[in-house]
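Structure, as structure tokens:
The chains referred to below are lettered A, B, ... by the order of the sequence lines, with proteins before strands, and numbering in each begins at 1.
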Amino acid sequence: MQSKGLLTHGGRFYLWWALLLSVASLFLYYTQGPTGLQPPNGGTWQGYTLGAIGACLIVWLSLLGIRKRRYSSRIGTVAGWASAHVYLGLALLVVATLHCAWQFGWNVHTLAYALMCGVIVSGLYGLFVYLRLPQVQSQNRAGKNREAWLDELRSIDMDIQSVAAKADADTQTMSLSAQSLTAIGKSIWAQLWGLDRSRVNLPVRGLVANTDQAAVIAYLARHIPSARTRREAEVLNELLDLFGRRKVLLSRMREDLRLGAHLKIWLFFHVPLTLALLVALCIHVVVVFFYW
Amino acid sequence: MEFLVRQTIGSANAETVDSSVTGKRLSLGPAAKDDVLLPGLNSSVVIVVKDSQSAWVRSGARNLMFDGVLKKRVLLNRGDTLEISGLTLSLFSPPSGFDLGILLSGSIDPVDNLMTIMRTPAVPWSMRRMSWFLMCVVALMSFVLPYYALQDPNLEDVVVSAGFPSDVHWSSGPLSSAHLAAGIAEQCDACHVQPFVMTQDDACLDCHKTLNEHADVNFHADLGLETMRCASCHREHNEPSTVIAQTDRLCTDCHVDSESWDVSGAHPVIPVTAFAPNQHPEFKVAVLDEAHAAAWPVWRREPLLSSEAVDKSGLKFDHQVHLNVDKVADEVSGDGLECSSCHTLTPDRSSFEPVNMQAHCESCHSLAFDPMTPDFELPHASAREAYTVIEGHYLRTFLAATPADPKTDRRRLGSPSDYRSVCTDDPYTCAQWEAQREARYQFEDTGCVTCHEVSNNNNIDIAKRYKVRPVYQTQDWYMSAKFDHRPHEVIDGRSGDEVCGDCHDANTSASSSDVLMPGIDLCFDCHNADLQIEGAECVSCHWFHPDDGARSVLARGGRRGGNPNADAWIFKWLTP
């Protein structure tokens, strides 16, 4: 709910500021007009003005990272800063595009623009995940957290080990291998896409993929009807039940990991791109006047 | 290095199994390549001996629990304990022959393993490292490398040939096609001579040496034309390219109230606000100023619709007759003349090459004058030269005639027999008589006088009596404008004489004094600023820098560029 306040903070005060800035920038841009000595570009007085506004905006937007860590600061609330960050960050796209007047090229100036777009796009994605994913994550967790899941998983695994001890050697080996070869998002891609690269050592077939514990569950389900004794069938049934619970638990953990990765990954691009943008912005300003 | 690895086994870790490994380092992990196989570990752990008491332990994942913190690298001393996914790792004093003793106890807990993974950041690099990396790449490639390449030509060659960015990538936009030349296109300092200083006029005038100021800088000293920086108007690195400013404001800002200018009546400048009806003065055409014509041709401008607009070329020519196929046609094909039979466009297609006697007239208007010698022609030269040739011809003719008949004592002219009937006096007298007769014919009746204006001073010797008026063909009818025939050669699918006739009404012109130039209203049909039709900009027809006048290179000589005051306020503010 707090994340939604990002947009509605202060009666969308900064939305109106951002719109006002965009409209003023458009007005300034069109005063360059078709009757000028030159087409609209960053070198007219309007272009310089838009560029100066854009540069100040970039620097100020970057300061959010500092402001949110200064808990004692009284320069506005963090929520207000974040709301302004979102709206004025979007207005920056308008200001900067009008500053360069849609003139792009293979040069340091367009590099700065591209980095700025990268920052804004990653920020937009961040905004999207902050608005959408916490709710999904909360539903997935159903009041639990990762530590509780791990405790539950440990408990299930101990049960599996004690039940499997009553089964034949093949079933024991399979059960233990299913546990030790369980994988949760080792790589960034596995985390972002919730990939399950678990494996299991099945009797006869050897190592096979065990996505969603499907291979081990299928093995157990297939062997219950052919159990030679009632006790063996009960053991297999218990294992089937435990692996079913394990599957559900692992799915939730994997989903939690996926949502967490999406909540963090954008910042991994947003912050470094912002710092690279600040460097590119300085270079842009310096070389514009170097070759004036 | 000799490693002794001791692993506890059994439910109470009561028993141990020793194994020795030789190598620079020891690796523990789930892969077959690892020295000690530990299934279930999510990444390999490498141990490197520091000294007999300690070793570096490094893992592919942040799963080394040391002092309650998960790390990727740990310096483990003897007596320390390290936990890896439920497995405990410590060092012990090995027996002689071994460099390091490693004790592994406990077993790998799959759940601990998962816990480690879930606590591990999703990305391979920290945000800080990623930030530094990107900042360094941007700074290096965008500034540091191009800057140092700029200082060192050898380094620049290496940078450019390797495909790395150079100062060319500092350019904010493409150059106009005129400046895409060797020595300019990729040589930024050809124009940007001094860093952090605006492009100076010297850089422009180094190449544009023949450029003239817009007006006489002395007469219009108050305008300070020569103090305006070239780059105030000629802007580069823009899309679309505007190195030649197209805006009418460039002209109309001043010319809108030109009536108020103090020009002392010398050169009245008519106000103009746009190329549209009632906003642009009537065209003026070039008229030969006869007061000067005797010495050298001087043209002045007269309104096209005034009585002064007369073609005073000195030629007599009837377009109406020449374009009438019933009167002038090719003897063989029967085809009539076309405009292009006599008028050839100049290479820049702005005007036409002068009409030439030899190329355009002589095929019909032969200069042969003696029917007895049709191959012998008069020179297309002055009247005196022509008379000299006529006189010489007849002297040779009569002297070559047969001697006088003794019976009659009359000089026989011999063949052709016609000469016998012409003159019976001595050859000199006959030749003079015949030459004078031919001269009168050429200069008074028909011949030279057909096409040329000839004056006759009867009081002096016949050799000097006739004067053919020099021919001055006007090529540049609109002296203050330029016209490109190229886009006008085909209009609505029509071409040739049909299109020529749209603007030049030659079919009805019976006199060479007619000025066959179109008026402004005809141009308005296709070019009209009021209707926002393309090609109505001032610079579509006019040059800002005239062909003659004050040379910019002299007017601005010794100056380091123009006047910053001529630029926008931002330049004033930013000028160091």
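You'll find the ring centres of A:F290 and B:W170 inside the 6.0 Å limit.
Contacts between A:L115 and chain B at a heavy-atom distance below 4.5 Å involve the side chain alone, from C-beta outward. B:L150 touches chain A through its side chain: at least one heavy atom from C-beta onward sits under 4.5 Å away, while N, CA, C and O do not. With a 4.5 Å cut-off on non-hydrogen atoms, A:L111 touches chain B through its side chain but not through its backbone. Using a 4.5 Å cut-off between heavy atoms, A:L250 touches chain B through its side chain atoms alone. Contact of B:H234 with chain A is not made at all, since no heavy-atom distance falls under 4.5 Å.
Between the side chain of A:N107 and the main chain of B:S171, a donor-acceptor pair closer than 3.5 Å is present. No donor-acceptor pair under 3.5 Å is formed between the side chain of A:Q38 and the backbone N or O of B:R235.
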Between side-chain atoms of residues 137-148 of chain B and protein atoms elsewhere (two or more places apart, or another chain), which donor-acceptor pairs fall under 3.5 Å?
unit_1: B:S142; atom_1: OG; unit_2: B:V138; atom_2: O; d: 3.0

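Here the straight-line distance linking atom CG of A:L273 with atom CG of B:L134 works out to 6.0 Å at 0.5 Å rounding. To the nearest 0.5 Å, atom OG1 of residue A:T274 and atom CE of residue B:M135 are 11.0 Å apart. Expressed to the nearest 0.5 Å, how far CZ of A:F268 lies from CE of B:M127 amounts to 7.5 Å. Between atom CD of residue B:Q200 and atom CH2 of residue A:W292 there is a gap of 10.5 Å, rounded to the nearest 0.5 Å. How far CH2 of A:W102 is from CD of B:E239: 14.0 Å, rounded to the nearest 0.5 Å. Taken from CD in B:Q194 to OH in A:Y291, the straight-line distance is 12.5 Å, to the nearest 0.5 Å.
Of all the listed residues (A:L181, A:V286, A:L192), the one sharing the greatest number of non-hydrogen pairs under 4.5 Å with chain B is A:V286. The greatest number of non-hydrogen atom pairs below 4.5 Å with chain B, out of A:K264, A:H284, A:H109, is found for A:H109.
Between A:W106 and B:H169, the closest heavy-atom pair is O-CD2, 3.1 Å. Between A:P272 and B:S131, the closest heavy-atom pair is CA-OG, 3.3 Å.
Crowding of B:F544 atom CZ: a count of heavy atoms from other residues, nucleotides or ligands under 6.0 Å exceeding 12.
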